[in-house]
Amino acid sequence: MEPSNPRSGWSRLADFVDQTKRLGLIFVVLVALGLALLPRLTFDFSPQTLFDATSEKARIYAAHRAQYGADDHHLMLLVEGDLDDVATWTALGAIEERIRDEVDEVEWTQSLLTLPVPYAPEPGRIVIEPISQGPASAAEAIAAAQRARDHPMLAGQLVASDGSVACILLKVGDDIAAMAKARPAVEAIEAIAQESSGGLPTWLLGPHAYRATVVGVMIREELRFVPLTAGLLALVLFVLFRSSAGVLIPLLSVGLGALWTVAAMAATGQGINIINTITATLVLVIGVADAIHMMTRYGQERREGQERSPAMKRAVRSVGAACLLTSVTTAVGFATLLTARLEILRDFGLYAAFGVMITFGFTIVFVPWALVRSPHDPVVRDPTQGLEAGERATPLGRFLARQGELVVRRPGMILLVSALVVGGFVAGIPRATVDNFIMEYVPRGEPIHEAHALLEEKLAGVVYVDIVLKAEGGPEQPWHEPEMLRRAAAIQDRTLADEGVQSAVSVISLIRELGYVQRGRDGDRNALPSSRQEAAGLLLLAEFADGDTLLNTHLDADRRVLRITVRAADLGAKSYLALEERIEGWIDEHLAGAPVPTKGYLAGTSQVGYSGIDSLIRDMMTSLGWAFGLIFLTLAGLFRSVRLAAIAMIPNVLPLVVVLGSMGWAGRHLETLSAMVFSIGLGIAVDDTIHYLARYCAEVRAGFSPEDAVRRTTERTGRAIVHTSLVLVFGFGVLCTSAFPPNQLFAILGSGVIVAALAADLWVLPAILVLLKPPVPGAPSACSCDGGVVQGMGHSPPCTLGSRSPPPSPSRLPSEQPLTRETTCRRASRRSPPWRWWIPRRRRSTSRFRIPTTP
């Protein structure tokens, strides 16, 4: 089917590719330049990249961090051993001493041997010092272990209640943020722990350790994914084209695109992180679809009798525009992420969109160039084999022929069944939830996962958040007032009693323990001072302690800002935000009517992180709305028809509904990467719709009825659609081998979108076209018949009576001859009314008869 304008831009491009002799040298230079940029690529992941830096919570946290330091720079080294044994204490002391002396990045350490706490070593004597300097005998070890397990400021913090695990708390400097600095410190600490533990198991936890683990896995997976994806694509391409050139040509074209996508990231200083680690894989998988469409069309032209060069040119002219539009819509799906508030998402959307478009550029030039310069035809071994014999002889060809016929005969039934199936998925959408967990991004097989489980089972959780109570006005040192202490203690106790909270410490804990020890360990251990003088005396006693106590870290010098540090398990964003709301309610409740006006708020990395991740997923949904709008406008411009654009969006909405409903029924939650699949999936799914509609419109403009156009489009373009969908599914399948659970879920959801889109494009879309027969701009419309005017297929503009019909192609079946004035009128007059779609047809359609063409 020759395009109407043989001197179009695509024709000129095809001529340029055919005639330029030094394109191969240009490709070699581009590969060399891309490879030269790769050494500049960096790998890093900081949890702060998932924070919404523009939010009020982020502003509060920045001020809090400047005053108290970064709480996400804490590391917890767990030593698993029996504290009743002297060897455990010896190992604990040796590890802590070496870390202080040898690791410059560590600012301070705390352990059972160094943290000063109030206790009474003997009746009548009060000290604020570590519970032991290092026991020398088994009896001393047992006594020290018992004191540690019984002390409320140590139990759950630095020692397990059963004495089986001890913790060394480390603080890394606030300036140690880049992975290039943090990772050596983490490795040094782990090496010291292993060397000095005396064979006891040790585990390092905390954000820096978590980042080091994630970055290590990211590097391994980046080096594994690209060759694995290329190998899998090579296998699929060999099955499709059965030649080595048929494998190498598309792989080299998309490989150039992936190389320059990563090279652009390296050249602009964009490192690989937890979000964009799949960029190269996505570019490879998505880009190969255009190459398959072009090579499939080239094969069809060859089987119709064209030589290699003319076949290449006709393929470029036929599918070039559709491939461009599919690349644009896919890039739009990525580019809508630029509307997100988080920089990490905006960067991912920008570079992914760039990768898709540059890969299209390489494909549209390299593939045609290689098709005509390959020593042997990469697609068709025997070009004398007819198009019908070459395509219908295969199982896929026979299936598509039957499927196209069924759609034409039963469009209403197909739409009814589709509506019922989709309705079942719609019912599952309300069950889908939005959530995110810290450890979701850590591979399950990594040791840090086991350490995390041990921490939450034996000690306090990994999630830190501070309750800050700031007294405004009133007398000096307002936290000496018993009433103010009582209100702060009520907030701390209510928070600690919550199911998700594992520990809460503050200067309240210190005052309570000091009073208990001062009373000779008599009475209520949680009692508070009854007078201002008693409170001031206890705090004065704490000032004489050596080292940093809770007085120094949790009460400012003016005694106006009191800080309560809460630690919780990895609750997930949904549960954490609910906990945060409860704590804020308790703060308002207990500070109402306080003798000194007091402002309370929450601050901490976890708070900003969970809130940022929650807003990140909301951003995904916003970008999905932008993607719908932009893709609809693009389709309307391409097809010059709002109605066709609206029809095209239907089969692309259905896959998203199916996937979201499936998650609801499966009880899975939406997290960062799984939420991204909707915007990305929409951009990918619409590609097949564009190819189908573009071929359908071309067939209708050639004079075929909508029914015959659907048959021909399903049999011809349907093959490429099935092939590209299979390639995409296999490509996404590579991510199923990822060690990161979010990547695995992304792969499953992405594959689900592609499979559902394939079904919608082959069943729902053609059924709608047959049933509605939307006007196709540029196609024959209405014509005179025996002096009257009979409406044709609803196409516009009206046909010219004196025009000739295109000559029948040798490959067309008798039933597939183009429409003429006479056949169009006959079919229009015999068409059943729309309300009879459900009645089985007892008579064959007139389009199945041989209808001679007229001059």
Next item on the list: Mind checking the OG1-NE2 spacing from Thr724 to His691? Nearest 0.5 Å is all I need.
Entry: 7.0 Å
Next item on the list: Mind jotting down which residue pairs meet the side chain to side chain donor-acceptor pair (under 3.5 Å) criterion with at least one end in residues 752-767? Sequence neighbours excluded, please.
Entry: Thr689-Asp761
Margin query: Any non-hydrogen side-chain atom of Val722 less than 4.5 Å from a side-chain atom of Leu396?
Written below: yes
Next item on the list: Locate the shortest heavy-atom distance separating Ala694 from Phe639; write the atom from each residue and the value.
Entry: N-CE2, 3.8 Å
Note to self: For Thr329, give me all partners under side chain to side chain donor-acceptor pair (under 3.5 Å), at least two apart in sequence or on another chain.
What the structure shows: Asp687
Notebook entry, point to check: Between Thr717 and Thr296, is a side chain to side chain contact (heavy atoms under 4.5 Å, CB included) present by the stated rule, with each step listed?
Noted result: CA-CA 9 Å; Thr717 303; Thr296 301; over 6 Å; no
Checklist line | Side chain Glu456, main chain Gly461, donor-acceptor under 3.5 Å | finding: no
Notebook entry, point to check: Can you name the one residue among Val734, Leu282, Val254 that meets side chain to side chain contact (heavy atoms under 4.5 Å, CB included) with Thr229?
Noted result: Val734
Notebook entry, point to check: Rounded to the nearest 0.5 Å, how far does OG of Ser738 lie from CG of Leu228?
Noted result: 11.0 Å
Item checked: N/O donor-acceptor pair under 3.5 Å between Thr714 side chain and Arg711 backbone -> no
Notebook entry, point to check: Do other residues, nucleotides or ligands put more than 12 heavy atoms under 6.0 Å from Arg643 CZ?
Noted result: no
Next item on the list: Determine yes or no for a side-chain-to-main-chain donor-acceptor pair under 3.5 angstrom, with Trp626 supplying the side chain and Leu338 the backbone.
Entry: no
Next item on the list: Check whether any side-chain heavy atom of Phe360 lies under 4.5 Å from a side-chain heavy atom of Thr326, and answer yes or no.
Entry: no
Notebook entry, point to check: What residues form a side-chain contact (heavy atoms from CB on, under 4.5 Å) with Thr261, not counting sequence neighbours?
Noted result: Thr279, Val283, Ile358
Margin query: Run the side-chain contact (heavy atoms from CB on, under 4.5 Å) test against Ala645 and tell me which residues pass, sequence neighbours left out.
Written below: Phe632, Leu635, Ala636
Next item on the list: With the side chain counted from C-beta on, respond yes when Ile748 and Cys736 share a heavy-atom pair under 4.5 Å apart, and no when they do not.
Entry: yes
Next item on the list: Using ring pair (Phe, Tyr, Trp, His ring centres under 6.0 Å) as the criterion, list what pairs up with Tyr576, not counting sequence neighbours.
Entry: Tyr610
Check: Taking side chain as C-beta onward, heavy atoms only, is Phe746 less than 4.5 Å from Phe732?
Finding: yes
Check: Quick one: which of Val727, Val288, Leu233, Asp290 gives a side chain to side chain contact (heavy atoms under 4.5 Å, CB included) with Pro250?
Finding: Val288
Item checked: Partners meeting ring pair (Phe, Tyr, Trp, His ring centres under 6.0 Å) with His723 (sequence neighbours left out) -> none
Checklist line | Value rounded to 0.5 Å, distance of CD in Gln403 from CD1 in Ile414 | finding: 7.0 Å
Margin query: Please find the pair of heavy atoms, one from Val770 and one from Val408, that lie closest to each other, and give the distance.
Written below: CG1-O, 3.9 Å
Note to self: When you compare the side chain of Met357 with that of Leu324, does any pair of heavy atoms fall below 4.5 Å?
What the structure shows: yes
Next item on the list: To the nearest 0.5 angstrom, please state how far the NZ atom of Lys574 sits from the NE2 atom of His669.
Entry: 10.5 Å
Check: Looking at Gly287 and Thr359, what are the two nearest heavy atoms and their distance?
Finding: CA-CG2, 3.8 Å
Check: Would you call Glu405 and Arg402 a salt bridge, using N to O less than 4.0 angstrom?
Finding: no
Item checked: Trace of the side chain to side chain contact (heavy atoms under 4.5 Å, CB included) decision for Leu579 with Asp498 -> CA-CA 8 Å; Leu579 170 63; Asp498 193 272; 3.5 Å; yes
Next item on the list: Might you point out which heavy atoms bring Gly718 and Leu400 nearest each other, and give the distance in Å?
Entry: C-CD1, 3.7 Å
Item checked: Considering all heavy atoms, the nearest Ala569-Val463 contact -> O-CG2, 3.3 Å
Next item on the list: Go through Val653 and Phe628 one step at a time and tell me if the side chain to side chain contact (heavy atoms under 4.5 Å, CB included) criterion holds.
Entry: CA-CA 9 Å; Val653 174; Phe628 267 109; 3.3 Å; yes
Margin query: If you apply the rule side chain to side chain contact (heavy atoms under 4.5 Å, CB included), what do you find for Tyr692 with Leu769, and how did you get there?
Written below: CA-CA 11 Å; Tyr692 193 100; Leu769 294 173; 4.1 Å; yes
Item checked: Test item: Met295 and Val319 side chains (from C-beta on) under 4.5 Å apart, heavy atoms -> no
Next item on the list: State which residue, out of Lys773, Arg712, Arg409, fulfils the salt bridge (charged side-chain N to carboxylate O under 4.0 Å, His left out) condition with Glu707.
Entry: Lys773
Item checked: Flag, side chain of Thr713 to backbone of Val710, donor-acceptor distance under 3.5 Å -> no
Notebook entry, point to check: What's the spacing between Phe399 CZ and Glu715 CD if we round to 0.5 Å?
Noted result: 12.0 Å
Note to self: Give me the atom names and distance for the closest heavy-atom approach of Ser725 to Asp688.
What the structure shows: OG-OD2, 3.0 Å
Item checked: Min side-chain heavy-atom separation Tyr696-Pro766 under 4.5 Å -> no
Notebook entry, point to check: For Arg346, does the CZ atom sit with more than 12 other heavy atoms under 6.0 Å from it, leaving out its own atoms?
Noted result: yes
Margin query: Is there a side-chain contact between Thr363 and Cys323 in this structure, where contact means two heavy atoms from C-beta onward sitting under 4.5 Å apart?
Written below: no
Notebook entry, point to check: Distance from Leu325 atom CG to Thr330 atom OG1, nearest 0.5 Å?
Noted result: 9.0 Å
